[in-house]
Amino acid sequence: MAGYADTRAVASQDGQQVDLCLRYVEVDQSTALEGLGGLTQASIAKPVVKGGSADKGIELSIPLTIVSPSKDIVLNSNTDAVYAMQYQGATVGSVIVPQFSVRPGTNTYTVQSFVKPDTGNSNAVAATRALLTAFTGKQQVQIQAVNGRTSGMPSLDAAFGAVSFNLALPPNTDDLIVSTSFRFPNLLALTADANLVAHNAFDAPVGITHITATLTYSGMTIGTVDADIAGFTIAAKGQATSPTFTLKLKLDVASIKALLVTIVGKPILVNVASTLTVNFGGYSTVLDYTQNNVPTTLNV
């Protein structure tokens, strides 16, 4: 068997010994390894968004560091370990540690993760939306990797299942919206032609296919948006201007005229509260996004 540990390793489960082969020592199968049950000294660097697909979800590459507290136990599975990724108590995807081995001291890995909830589980869908909202909104996210199993050695599943870790996912730190602009070809229609310039901080193209938003300025609601946006894809690490969509104005004509007289052609700072449907390489999902002080121009 390609799993082993040092001779001083202790293996037990509810006081029972089971059939698992460790280095020089044979114990029972379906075991939890004392000293590895909670690897609390685990940390991750900033994840890289690699892309996505309809069947796998959003793909991340995550640098992972685990410090084993044990001076004795070595696990060397020579196989991938697959964990459930949980957020707010719901499973939102998976974490795959390639050729997962745990040795005393510091262990480093490049982990694959796929964000893809069970669409039939409303709690998982809601937790995924909350996760993506927090991540894009510059908030640190606490995720858990639990219920591990190997990809090719069932006899080690219980041992690796006992190895779980809590991880603080560093947030995205870039603003999504670079600027917005509105043109008022017909004030009587109480609509404006709108465009936004978006920045993609990720290492894969991102599409925005629908936007629902409320825009406010100086305490006033300027207008709302509920629009499909066709063909709006932002290249990796790039910027792009959206196709034109409609802003429905929430001010009367007199208020709009007074506002335009004051600020027309000048940049103002607008607060945007939105819900976005985004596409990562064929995987579509929804997140909430708020950004204040967005540079905006208004023109007749």
Side-chain angles (χ1 to χ4, degrees), residues 44 46-64 80-98 109-137 141 143-152 167 169-172 174 176-177 196 198-213 225-243 245 274-289:
I44 51 181
K46 187 174 182 179
V48 176
V49 179
K50 302 290 288 184
S53 62
D55 59 332
K56 291 184 176 180
I58 304 170
E59 181 182 357
L60 308 176
S61 177
I62 306 175
L64 169 66
D80 297 347
V82 183
Y83 286 83
M85 179 169 63
Q86 292 191 340
Y87 182 68
Q88 295 183 344
T91 297
V92 297
S94 60
V95 175
I96 303 171
V97 186
Y109 317 88
T110 299
V111 173
Q112 265 190 315
S113 180
F114 294 93
V115 179
K116 187 177 187 294
D118 176 0
T119 55
N121 184 324
S122 59
N123 290 335
V125 172
T128 301
R129 180 170 176 168
L131 168 65
L132 296 174
T133 296
F135 178 72
T136 57
V141 175
I143 61 174
Q144 295 78 41
V146 299
N147 302 328
R149 57 183 174 80
T150 64
S151 60
L167 301 170
L169 187 67
N172 169 60
D174 292 3
L176 171 64
I177 305 173
L196 67 86
H199 168 65
N200 176 11
F202 305 133
D203 291 78
V206 175
I208 299 176
T209 61
H210 189 92
I211 178 170
T212 302
V225 175
D226 188 356
D228 291 325
I229 306 178
F232 185 31
T233 299
I234 310 112
K237 302 292 187 181
Q239 293 186 4
T241 301
S242 73
F245 54 91
S274 67
T275 297
L276 305 175
T277 302
V278 294
N279 189 289
F280 293 85
Y283 180 75
S284 182
T285 189
V286 175
L287 60 89
D288 301 305
Y289 183 77

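Heads up: numbering here begins at 1 and tracks the sequence.
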Which donor-acceptor pairs under 3.5 Å do side chains of residues 120-127 form with protein atoms, sequence neighbours excluded?
from	atom 1	to	atom 2	distance (Å)
Asn121	OD1	Asn123	N	3.0
Asn121	OD1	Ala124	N	3.0

I'd like to check [X] versus [Y] (side-chain heavy atoms, cut-off strictly below 4.5 Å). Are they in contact?
X: Asp118; Y: Thr91; result: no
X: Leu132; Y: Tyr87; result: no
X: Thr277; Y: Ser284; result: yes
X: Leu167; Y: Leu64; result: yes

How are the rings of Phe202 and Phe280 set to each other: parallel, tilted or perpendicular (split at 30° and 60°)?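 Geometry flag for Phe280 against Phe202: tilted rings.
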Measure from the side-chain N and O atoms of [X] to the backbone N and O of [Y], and report whether any donor-acceptor pair falls under 3.5 Å.
X: Ser274; Y: Tyr289; answer: yes
X: Thr275; Y: Thr212; answer: no
X: His199; Y: Leu176; answer: no
X: Ser113; Y: Ser94; answer: yes

In a check of side-chain hydrogen bond (donor to acceptor under 3.5 Å, both in side chains) between Gln112 and each of Glu59, Lys56, Lys50, which one passes?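 The side-chain hydrogen bond (donor to acceptor under 3.5 Å, both in side chains) with Gln112 is passed solely by Glu59 among Glu59, Lys56, Lys50.
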Which heavy atom of Asn279 sits nearest a heavy atom of Gly281, and at what distance?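 For Asn279 versus Gly281, the nearest heavy atoms are OD1-N, 3.5 Å.
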